[in-house]
Participant: 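Sharing a structure, written as structure tokens. Questions coming.
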Amino acid sequence: MKIETLSIEGLCVIEPALHLDARGFFMESYHADKWQEAGMTGRFIQDNHSYSERAGTLRGLHFQSEPYAQTKLVRVISGAIYDVAVDLRPDSRTYGKWEGIVLSAQNRKQLLIPKGFAHGFCTLSDHTEVLYKVDAYYAPESDSGILWNDEELGIDWPCTNPILSSKDQQLPPLSQVKQAARKECKV
Ligand SMILES: Cc1cn([C@H]2C[C@H](O)[C@@H](COP(=O)(O)OP(=O)(O)O[C@H]3O[C@H](C)C(=O)[C@H](O)[C@H]3O)O2)c(=O)[nH]c1=O
């Protein structure tokens, strides 16, 4: 297994060991103890699977607020995505910074996104399937997000006119998310 840290602390890219033979390959796509030994947090309790018909489909940016914040372990089993994580951890020196990486069925890379990040991706091919593990259950009442093309974030998406859900089209700007977080801290 190879692990690469990214410029934002806590984000890391995992490449599981591949066992190749004349039939193809086998890999352990997740192993709780090995992932923990490698320093990755998160005991995952829910698996998610999304399918996007067309390239240029953008899902996000989403996050669940505490106490339902989720660590995510994201990988692609068909097609490819540009996967983006945005640091929303209140005391982080990289608050509001983002990292993007291509995850694909071909590169078999996985992105570990700790709690406190918003997450989104844009598909780079038709018929893209994304699997991701989370360490907290879906809690719609805590579901929140940031508008994909928020100017303050300035994410360099590879898709200009994406296919979005109506929900994602109406997500708030980062400024509003920051304001809400400040209000929560004062409570
Ligand atoms: C996330 C989730 C959704 N749902 C239901 C709720 C809706 O009826 C339907 C589609 O949900 P949504 O439009 O939020 O799905 P995505 O736009 O793919 O959102 C996800 O994509 C971004 C990239 C993420 O990181 C989040 O995990 C998640 O928000 O699935 C569930 O039943 N359980 C779940 O855990």
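Start at 1 and go down the list; that is how both ligands and their atoms are numbered.
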Participant: Salt-bridged, E15 to R108, with N to O below 4.0 Å?
Facilitator: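 Salt bridge: no.
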Participant: Assess the residue pair D150 and K178 against the criterion (salt bridge (Lys or Arg N to Asp or Glu O under 4.0 Å)); give the C-alpha distance rounded to whole Å, side-chain angles, the decisive distance to 0.1 Å, and a yes or no.
Facilitator: CA-CA 13 Å; D150 178 82; K178 278 197 266 191; over 6 Å; no
Participant: Are any of the N/O atoms on D143, whether in the backbone or the side chain, positioned under 3.5 angstrom from an N/O atom of ligand 1?
Facilitator: no
Participant: Within the structure, does at least one protein heavy atom fall under 4.0 Å of atom 33 (N) of ligand 1?
Facilitator: yes
Participant: Got a salt bridge between D143 and K167, using NZ or NE/NH1/NH2 to carboxylate O under 4.0 Å?
Facilitator: yes
Participant: My question is simple, although I want it checked carefully: is atom 10 (C) of ligand 1 less than 4.0 angstrom from any protein heavy atom?
Facilitator: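 Looking at atom 10 (C) of ligand 1, one finds that no protein heavy atom lies closer than 4.0 Å.
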Participant: Is the Lys NZ or Arg CZ of R75 less than 6.0 Å from the centre of Y30's six-membered ring, within 45° of the axis?
Facilitator: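 Verdict for Y30: no cation-pi partner in R75.
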Participant: Above 12 or not: heavy atoms from other molecules or residues under 6.0 Å from CG of D21?
Facilitator: yes
Participant: Please report which non-hydrogen protein atom sits nearest to atom 20 (C) of ligand 1, along with the residue it belongs to and the distance in Å to one decimal place.
Facilitator: Y132 OH, 3.3 Å
Participant: Passes side-chain hydrogen bond (donor to acceptor under 3.5 Å, both in side chains), S165 versus R59? Steps please.
Facilitator: CA-CA 8 Å; S165 66; R59 297 173 184 257; over 6 Å; no
Participant: Can you tell me if OH on Y68 sees more than 12 non-hydrogen neighbours from other groups inside 6.0 Å?
Facilitator: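 Atom OH in Y68 is not crowded, with 12 or fewer foreign heavy atoms closer than 6.0 Å.
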Participant: Looking only at N/O atoms, are D168 and ligand 1 under 3.5 Å apart anywhere?
Facilitator: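 By distance alone, the answer is no.
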Participant: What protein heavy atom sits nearest atom 17 (O) of ligand 1, and how far away is it?
Facilitator: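 Protein heavy atom with the smallest distance to atom 17 (O) of ligand 1: H62 CE1, 3.3 Å.
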Participant: Taking only heavy atoms of H119 into account, list the atoms of ligand 1 that are under 4.0 Å away from them.
Facilitator: 23 (C), 24 (C), 25 (O)
Participant: For ligand 1 and S165, I'd like to know whether there is a polar contact (N/O to N/O, distance under 3.5 Å).
Facilitator: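 S165 vs ligand 1: no N/O contact under 3.5 Å.
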Participant: Could you identify the single nearest non-hydrogen protein atom to atom 35 (O) of ligand 1 and state the distance to 0.1 Å?
Facilitator: Q46 NE2, 3.0 Å
Participant: Assess whether atom CD of Q106 is packed by more than 12 heavy atoms of other residues, nucleotides or ligands within 6.0 Å.
Facilitator: no
Participant: In Å and rounded to the nearest 0.5 Å, what is the CD to OG distance from E9 to S92?
Facilitator: 7.5 Å
Participant: Is there at least one pair of N or O atoms, one from K167 and one from ligand 1, spaced under 3.5 Å apart?
Facilitator: yes
Participant: For atom 25 (O) of ligand 1, decide whether some protein heavy-atom distance is shorter than 4.0 Å.
Facilitator: yes
Participant: So which heavy atom in the protein is nearest atom 7 (C) of ligand 1, and how far is it from that ligand atom?
Facilitator: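 Of every protein heavy atom, Y138 OH, 4.6 Å lies nearest to atom 7 (C) of ligand 1.
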Participant: Suppose we measure from atom 16 (P) of ligand 1 to each protein heavy atom; which comes out shortest, and what is that distance?
Facilitator: R59 NH1, 3.8 Å
Participant: Show me which atoms of ligand 1 lie under 4.0 Å from any heavy atom of K72.
Facilitator: 24 (C), 25 (O), 26 (C), 27 (O)
